[in-house]
**Q** 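Please find one structure pasted underneath; my questions will follow.
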Amino acid sequence: MSHIHELPKAYVPADAEAKWYPFWEENKLFHGRVNPDKPAYSIVIPPPNVTGILTIGHVLNNTLQDILIRYHRMRGYEVCWFPGTDHAGIATESKVQKSLKAAGQPGRDELGREKFIAKVWDWKEKYGGTIISQLRKLGTACDWERERFTMDEGLSRAVRKVFVELYKKGYIYRGQRMINWCPVSKTALSDEEVIYKEVDGKFYHIKYPLADGSGFLEVATTRPETMFGDTAVAVNPDDPRYRHLIGKMVKLPLTDREIPIIGDEHADPEKGSGCVKITPAHDPNDFLVGQRHNLEVINIMNADASLNDRAGKEFSGLDRYAARDKVMAELEKLGLVIGVEPIRHAVGFSERGDVPIETLISYQWFCNMKELAKPAIDAVESGKIKFYPERWSKTYFHWMENIQDWCISRQIWWGHRIPAWYNDAAGEVYVGMEAPSAPGKWRQEEDVLDTWFSSWLWPFSIQGWPDDTAELKYFYPTCDLVTGPDIIFFWVARMIMAGCEFMGEIPFRNVYFTSIIRDDTGRKLSKSLGNSPDPLDVIAEYGADALRFSIIYIAPVGMDIRYSNDKCELGRNFANKLWNCCRFRQMQGEVSDSFRKLNADPSGLTADEKWMIASIDAAVGSIETAFREFRFHSAAHELYELVWSKVCDWFVESEKVRLRGGEAEKLQAVRVLDYVIFKVLRLLHPFMPFVTEELAHSMGYVEDGESIMNERYPEPGEDGVFADAEIVKYVESKFALVSAGRALRSNCDIPDNRKVRYYIKAVDAAAADFLNTEVESLKMLMNASDVEIGLADYDAAGSGAAPSAIGDIGTVYLPLAGVIDLDAERAKLKKQRGEFEGWIRGTEAKLRNERFVAKAPAQVVEDAKRQLEELKQKLERVNELLSALD
RNA sequence: GGGCGUAUAGCUCAGUUGGUUAGAGCGCCACGUUGACAUCGUGGAGGUCACAGAUUCGAGUUCUGUUACGCCCACCA
């Protein structure tokens, strides 16, 4: 047999990766076509930000999608994975600003709108493909011909269409409302873009003097600098301490204004002094109070959160925090400070800028979500859309049932400009897909839309909507969505609403929420902490398959993952194990005729071969179930166990006997190995695409120019003809006996490399018959010079007593030519006897318990009885062994 | 203030509908470089399943409460 193509000793991932990804891509193997002959399976990628670089989070997310895509293709679906990137308005705009600044070039404000946007496009063309090329390194089978960007013309058209339709329905409106303002990005934000953090602050107690000079009110606030916007002080109308003051005026310190004392239930007598300053322009609650009492709304802030001239000359232009200190200093001088106490309270931070946001009154565009939410709630409630893990639906319902209007306008330039035009002279507003005629009279809205206003259309805009495309008919709704729970509101919920509203159909059927990845000490991964590994480094060091497999293997369902690069050793070692398994097979000769279908007489298979085939079939069943339930890690564990333990540790080792035997034996062994290995490669392909493709070719299972990704995925129950439950049990008992025999050797300090003799006393004639067929296998597995099988007790007369161990189908002895520590052996057996007796007592007690016998299922009782019998037999055997030592 | 999640071996985690003696990987100890693999093999040590109750013939698994940690939501001046 020629060994021309002998594989290298270890798997070299870089070679396979460099070879196969271009092959797949050039042969358009990832391309999804509208194909009525097949069922469709589609996924839309959660579009990464163009500014993004690949993180471990992306690796997990995209590996899962890739597994689903490759699995379904192999299961006979026409699959399409729609990829693309998101323009990420605020993030990209600030990134480009930073890069302009770093390059010493004129920034956004100097350039003006058009030139700045041109710069952003330049940047996007140059760097926006980074994450896409990094995804390729991972092996993702995206249909790159369909790659889209959320600001492509087609997608922009979808955005405008949606805006116009929602405007016409009256859902989208422009209004003056309390919004979240980011002083760094200088734009409004949606509620979802505000992150509340507990911070240490101060609670300031201040005197507001009564205008009539009769005293003062004590107000408590965490934000004294907003006092310039105060237009009232509220007390609770039922609060006897202050009730009589309602209607009087207080002098607002540091100003020449007087403001009224009002009665409003917003004032909580239990909190602070029971008096609360009312700043309608800068606090959501105060705004409502202001509306109830017709209070003036005084905005005292500039866009950058410095105070404006409504705060008076001395404070105008000061940053909010500087102003706070100065206000307190001035109040101190006036003797108006009662005290300051530390307080821990929640402060809203902007998601992107990571600075405290301001709440303030502003004209913005909003979308009323109430009606949109209804069918979207129903879609999940009715089970049309399923969440995995299911519990996220609770989070979803809670948010959806309390959904607020969505602030969709942003005061930035990079994004979809709102398709609204103002005719100032006539005081008219026009909203439409295109600019109105007579452009001179109309000026377009300066604001752009929230980035998510394009993302929420992704599942259909990416397929050509609003055109009625063949893709939409075939691939929509998509099947599975894989994303992180952190964007359930931002994206998932809104996509469901948009799908129901504009397509009249849910956008996807299943949503799998991935785990959040942390470092191995449990901290969130972040750039600033420097604990965010670069997946490309990992791929270079361990290989893409190793990274993919490891992260799936360690990712528990619905829990955080503790990740560190060294965890990838698991995947690397596993790929190498698989590699060497194939390498070993290849050393046995050319590929056989049995890698797809086993060409063998079922009755002619050895017990081990039947066991192997049954084991792989069982694993296929578990994997199938795991896929159905989105339990990817259990599929990975199943495969690991199958390859490493079942195939390599037991089957290959045992089968070496036959591979070194006669021609017929060898041929059959090789056939079974081919059959098993090709199944394993196909089972593993979705998880480890590179090494499996490489091996499928070098083993000769897949022709040049073809790909394993187009092979059929093994299905459970394919091998019923080889099934034999009795034999499987015997083989497993044989392996247990082997382990026991090895332990005897180890306990006697006999080196593994020294051949020894064993004697096995079979429990009955059937077991003896079976074991007699397995002598060569036993010799191989136990590294024995000889294994004698018999029904008689071990004959101690010739060579003295021997250490022994009890198994289900026999007792294995290790005769040692006189070197046995009788005391140790007795102690071991006595210990074992004690254990057996304990279990027997327990089982007997159970069986004597009438309620157990009456209430437990018959099967359980039967099992207990059988166990008792087996235990008693084993006990008897221990006793025999003990008496033999005397 | 509400909601959710987690607690099992030194570490990271499995443990499907309650059913003998609770598993894996890594780490640790001992032995082994036999012609697939030292990215390996064989054997071994290591756990009163967070705590307290309850249900049950039987609880790591179900229920209640407690503790600890984490996350989400909420207008706490």
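In what follows, chains are A, B, ... by sequence order, proteins preceding strands, each numbered from 1. Both backbone and side-chain heavy atoms feed into the values below; hydrogens, waters and symmetry mates do not.
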**Q** Given B:rC40, B:rG5, B:rG43, which nucleotide is nearest the side-chain atoms of A:Arg742?
**A**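 Nucleotide nearest to A:Arg742's side chain: B:rG43.
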**Q** Has the side chain of A:Asn849 got a donor or acceptor that lies under 3.5 Å from a partner of the other kind on the base of B:rC57?
**A**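 Between B:rC57 and A:Asn849, which were checked side chain against base, a qualifying N/O pair under 3.5 Å is absent.
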**Q** Could you give the CD1-to-C1' distance, from A:Ile516 to B:rC4, as a whole number of Å?
**A**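 Nearest whole value for this atom pair: 13 Å.
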**Q** How long is the line joining CD of A:Gln291 and P of B:rC75, in whole Å?
**A** 16 Å
**Q** Just compare B:rC37, B:rA14, B:rG25 and give me whichever is closest to any side-chain atom of A:Arg583.
**A**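 Comparing B:rC37, B:rA14, B:rG25 against the side chain of A:Arg583, the answer is B:rC37.
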**Q** Mind checking the P distance from B:rG47 to B:rG1? Whole angstroms is fine.
**A** 40 Å
**Q** Can you check whether A:Lys567 has a side-chain N or O nearer than 4.0 Å to OP1 or OP2 of B:rC11?
**A** no
**Q** Round to the nearest Å and state the distance from A:Phe397 atom CZ to B:rC73 atom C1'.
**A**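 Atom CZ in A:Phe397 sits about 16 Å away from atom C1' in B:rC73.
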**Q** Between B:rG18 and B:rC63, how far apart are the C1' atoms? Round to whole Å, please.
**A** 13 Å
**Q** Does any nucleotide pair with B:rC26 by Watson-Crick or G-U wobble geometry, both distances under 3.5 Å, and what is it?
**A** B:rG10
**Q** Taking the same atom, P, in B:rG44 and in B:rA50, what whole-Å distance lies between them?
**A**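 Per the computed distance, 27 Å lies between those P atoms.
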**Q** I'd like the C1' distance from B:rA54 over to B:rG58, given in whole Å.
**A**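 Comparing C1' positions in B:rG58 and B:rA54 gives a spacing of 15 Å.
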**Q** Between C1' on B:rC72 and OH on A:Tyr196, what's the gap in Å once rounded to a whole number?
**A** 14 Å
**Q** Need the pair for B:rC31. Rule: Watson-Crick or G-U wobble, both distances under 3.5 Å, any strand; none if unpaired.
**A**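 Its partner is B:rG41 (Watson-Crick or G-U wobble, both distances under 3.5 Å).
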**Q** Quick one: which of B:rG43, B:rG19, B:rU34 gets closest to the side chain of A:Ser746?
**A** B:rG43
**Q** Side chain of A:Phe489: nearest nucleotide among B:rC73, B:rA77, B:rG5?
**A**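 Ranking B:rC73, B:rA77, B:rG5 by closest atom to the A:Phe489 side chain puts B:rC73 first.
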**Q** Using 30° and 60° as the class boundaries, would you call the ring planes of A:Trp644 and A:Phe574 parallel, tilted or perpendicular?
**A** parallel
**Q** Does A:Arg562 put a side-chain nitrogen or oxygen below 4.0 Å from OP1 or OP2 of B:rU12?
**A** yes
**Q** Tell me what A:Asp268 touches on the nucleic acid: a base, only sugar-phosphate, or nothing, going by heavy atoms under 4.0 Å.
**A**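 The answer is base, as A:Asp268 lies within the cut-off (heavy atoms under 4.0 Å) of a base atom.
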**Q** Whole-Å distance between B:rC76 P and A:Glu198 CD?
**A** 10 Å
**Q** For A:Glu390, does its backbone N or O pair with a side-chain atom of A:Ser393 as donor and acceptor, under 3.5 Å?
**A** yes
**Q** B:rA77, OP1 or OP2 - any side-chain N/O from A:His345 closer than 4.0 Å?
**A**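 Answer yes for this pair, as a side-chain N or O of A:His345 is under 4.0 Å from OP1 or OP2.
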**Q** In whole angstrom, give the distance that lies between atom CG of A:Leu695 and atom C1' of B:rC37.
**A**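 Distance check: A:Leu695 CG to B:rC37 C1' gives 13 Å.
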**Q** Under 4.0 Å: is that the gap between some side-chain N or O of A:Asn753 and OP1 or OP2 of B:rC31?
**A** no
**Q** Would you classify A:Lys656 as touching base, sugar-phosphate or nothing, given that sugar-phosphate means primed atoms plus P, OP1 and OP2, and contacts are heavy atoms under 4.0 Å?
**A** base
**Q** Considering every strand and a 4.0 Å limit on heavy-atom distances, what is the contact class for A:Ala220: base, sugar-phosphate, or nothing?
**A**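 The residue A:Ala220 makes sugar-phosphate contact but no base contact.
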**Q** How far does the C1' atom of B:rC26 sit from the matching atom of B:rC69, given to the nearest Å?
**A**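 It works out to 24 Å between them.
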**Q** Any donor-acceptor pair under 3.5 Å linking the side-chain atoms of A:Asn180 with those of A:Asp191?
**A** yes
**Q** Between the side chains of A:Thr279 and A:Lys277, does any donor sit under 3.5 Å from an acceptor?
**A**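 On atom types as modelled, these side chains qualify, holding a pair under 3.5 Å.
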**Q** For B:rA74, take OP1 and OP2 only and decide whether either is under 4.0 Å from a side-chain N or O of A:Trp399.
**A**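 It does not, given that no N or O in the side chain of A:Trp399 lies less than 4.0 Å from OP1 or OP2 of B:rA74.
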**Q** With a cut-off of 6.0 Å (strictly less than), are more than 12 heavy atoms of other residues, nucleotides or ligands near NZ of A:Lys202?
**A** no
**Q** With a 3.5 angstrom cut-off on both distances, give the Watson-Crick or G-U wobble partner of B:rA54, or none if there isn't one.
**A**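 Pairing partner: B:rU62.
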**Q** Could you check how far CD of A:Glu390 sits from P of B:rC4, rounded to whole Å?
**A**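 Whole-Å distance recorded here is 12 Å.
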**Q** A:Lys394 or A:Ser739: which one's nearest nucleotide on RNA chain B is closer to the 5' end?
**A** A:Lys394
**Q** Among B:rG25, B:rC57, B:rU42, which is the nearest nucleotide to the side chain of A:Asp649?
**A**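 Closest nucleotide among those given: B:rU42.
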**Q** Nearest to the side chain of A:Pro751 - B:rA77, B:rC31, B:rA36?
**A** B:rC31
**Q** Report yes or no: is there a donor-acceptor pair, N or O only, under 3.5 Å between the side chain of A:Asp752 and the base of B:rG41?
**A**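 Per atom types, the contact qualifies.
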**Q** Taking atom C1' in both B:rG53 and B:rA59, compute the distance separating them and give it to the nearest angstrom.
**A**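 Straight-line distance between the two C1' atoms is 13 Å.
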**Q** Ignoring hydrogens and angles, tell me if any N or O in the side chain of A:Arg745 forms a donor-acceptor pair with the backbone of A:Asn783 under 3.5 Å.
**A**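 Side chain of A:Arg745 to backbone of A:Asn783: a pair is present.
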**Q** When you check the side-chain N and O atoms of A:Asn580 and A:Tyr11, is any donor under 3.5 Å from an acceptor?
**A** no
**Q** Give A:Ala267 one of three labels, base, sugar-phosphate or nothing, depending on what nucleic acid heavy atoms sit under 4.0 Å from its own.
**A**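 Here A:Ala267 touches the bases of the nucleic acid.
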**Q** Using heavy-atom distances to pick each residue's nearest nucleotide on RNA chain B, tell me which of A:Ala10 and A:Ala555 is more 5'.
**A**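 Closer to the 5' end of RNA chain B: A:Ala555.
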**Q** Could a donor-acceptor pair under 3.5 angstrom be found where the side chain of A:Lys577 meets the base of B:rC37?
**A** yes
**Q** Taking the side chain of A:Asn573 as heavy atoms from C-beta outward, which of B:rC40, B:rC57, B:rC75 is closest to it?
**A**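 Closest nucleotide to the A:Asn573 side chain: B:rC40.
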**Q** Could you let me know what B:rG5 is paired to, Watson-Crick or G-U wobble, both distances under 3.5 Å, or none if it's on its own?
**A**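 By the stated definition (distances under 3.5 Å), B:rC69 pairs with B:rG5.
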**Q** Compute whether any side-chain donor of one residue and acceptor of the other, for A:Gln859 and A:Asp863, lie under 3.5 angstrom apart.
**A**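 Side-chain D/A pair, A:Gln859 to A:Asp863: present.
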**Q** With a 4.0 Å cut-off on heavy atoms, is A:Pro857 in touch with a base, just the backbone sugar-phosphate, or nothing at all?
**A**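 Answer is base: heavy atoms of A:Pro857 come under 4.0 Å of a base.
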**Q** Establish, yes or no, whether the cationic atom of A:Lys874 lies under 6.0 Å from the six-membered ring centre of A:Phe836 and within 45° of the ring axis.
**A**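 No - A:Lys874 does not lie over the ring of A:Phe836 by the 6.0 Å and 45° rule.
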**Q** Give one of base, sugar-phosphate or nothing for A:Thr843, where a contact means two heavy atoms less than 4.0 Å apart.
**A** nothing
**Q** What contact category does A:Cys648 fall into here, base, sugar-phosphate, or nothing, at under 4.0 angstrom with non-hydrogen atoms?
**A** base
**Q** Closest to the A:Met587 side chain: B:rA36, B:rA77, B:rG19?
**A**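 Per side-chain heavy atoms of A:Met587, the pick is B:rA36.
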**Q** For the C1' atoms, the ones on B:rG25 and on B:rU8, what distance do you get once it is rounded to whole angstrom?
**A** 15 Å
**Q** Distance check, P atoms only: B:rA38 and B:rG27, in whole angstrom units.
**A** 16 Å
**Q** For A:Leu570, answer base if it contacts any base atom (sugar-phosphate contacts may also be present), sugar-phosphate if it contacts only those atoms, and nothing otherwise; contact means non-hydrogen atoms under 4.0 Å.
**A** sugar-phosphate
**Q** Checking contacts here: which listed nucleotide (B:rG25, B:rA36, B:rA77) is nearest the side-chain heavy atoms of A:Tyr553?
**A** B:rG25
**Q** So what does A:Arg518 hit on the nucleic acid, given a heavy-atom distance under 4.0 Å: a base, only sugar-phosphate, or nothing?
**A**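 Since only primed, P, OP1 and OP2 atoms lie under 4.0 Å of A:Arg518, the category is sugar-phosphate.
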**Q** Look at the side chain of A:Glu653 and the base of B:rA36, then say whether one donor and one acceptor between them are separated by less than 3.5 Å.
**A** yes
**Q** If the plane angle is over 60° it's perpendicular, under 30° parallel, otherwise tilted; pick one for A:Phe513 and A:Trp392.
**A** tilted
**Q** I want to check one thing: is the phosphate of B:rC37, taken as OP1 and OP2, less than 4.0 Å away from some side-chain N or O of A:Lys9?
**A**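 So the side chain of A:Lys9 is within the cut-off, an N or O lying under 4.0 Å from OP1 or OP2 of B:rC37.
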**Q** What is the distance, to the nearest angstrom, from the OH atom on A:Tyr388 to the P atom on B:rC4?
**A** 21 Å
